[in-house]
**Student:** 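Submitted below is the structure of interest, expressed as structure tokens.
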Amino acid sequence: MAKNKGTRILITLECNECRSNPNKRSPGISRYLTQKNRRNNPERLELKKYCPNCNRRTIHKEIK
């Protein structure tokens with residue numbers, strides 16, 4: 001029997017400021033992996049997380 005995929009999916013959160021600012025401290029982009037419930041949150045997720053490249057808490061947006 002095939003197992004149902006379920007409503008919880010893995011998503012990637014990426015720092016919004018590192019992506020848009022070319023003059024940043026290091027060449028990397030801060031990314032986090034997390035899960036979300038597809039039924040409760042169908043829109044893209046935005047969370048404040050710590051970015052080691054910016055050295056502060058910034059908004060991380062969901063990418064594909």
Side-chain angles (χ1 to χ4, degrees):
M1 290 180 103
K3 192 172 183 181
N4 190 6
K5 190 169 186 175
T7 59
R8 297 200 69 80
I9 56 171
L10 271 177
I11 58 167
T12 305
L13 299 172
E14 189 173 85
C15 180
N16 206 24
E17 292 186 23
C18 287
R19 179 191 276 188
S20 62
N21 187 5
N23 301 326
K24 57 184 177 260
R25 214 171 49 129
S26 68
I29 295 176
S30 174
R31 290 189 174 158
Y32 285 95
L33 273 177
T34 188
Q35 290 183 343
K36 79 169 188 176
N37 190 321
R38 196 182 333 207
R39 286 191 196 140
N40 294 342
N41 302 330
E43 64 279 347
R44 291 193 181 259
L45 194 62
E46 289 185 12
L47 293 174
K48 268 195 151 182
K49 304 286 275 181
Y50 178 75
C51 176
N53 299 327
C54 300
N55 257 358
R56 59 195 171 108
R57 289 179 62 204
T58 58
I59 294 178
H60 284 62
K61 290 187 179 182
E62 177 183 341
I63 59 173
K64 181 158 174 126

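Residues take their numbers from the sequence shown, with the count starting at 1.
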**Student:** Output the distance between atom CG (N16) and atom OG (S30), rounded to the nearest 0.5 Å.
**Tutor:**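 So the CG of N16 and the OG of S30 are separated by 11.5 Å.
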**Student:** About how many Å separate CZ of R8 and OG1 of T34, when rounded to the nearest 0.5 Å?
**Tutor:**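 If we round to the nearest 0.5 Å, T34:OG1 and R8:CZ are 8.0 Å apart.
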**Student:** Kindly compute the distance separating CZ (R38) from CD1 (I9), expressed to the nearest 0.5 Å.
**Tutor:** 5.0 Å
**Student:** At their closest point, which heavy atom of T12 faces which heavy atom of R31, and how far apart are they?
**Tutor:**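 Closest approach of T12 to R31: CG2-CD, 4.0 Å.
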**Student:** Mind checking whether N55 and Y50 have side chains closer than 4.5 Å, heavy atoms only?
**Tutor:** yes
**Student:** Within a 6.0 Å radius of atom CD1 on I59, are there more than 12 heavy atoms belonging to other residues, nucleotides or ligands?
**Tutor:** no
**Student:** Drop me the distance from H60's NE2 to C18's SG, to the nearest 0.5 angstrom.
**Tutor:** 7.0 Å
**Student:** Do K36 side-chain atoms and N41 backbone N/O form a donor-acceptor pair below 3.5 Å?
**Tutor:** yes
**Student:** Give, for atom CZ of R57 and atom CG of L47, the distance between the pair rounded to the nearest 0.5 Å.
**Tutor:** 10.0 Å
**Student:** Can you tell me how far apart CZ (R39) and OG1 (T7) are? Round to the nearest 0.5 Å.
**Tutor:** 5.0 Å
**Student:** Same cluster or not: L45 versus Y32, using hydrophobic residues (I, L, V, M, F, W, Y) connected whenever any side-chain heavy atoms lie under 4.5 Å apart?
**Tutor:** yes
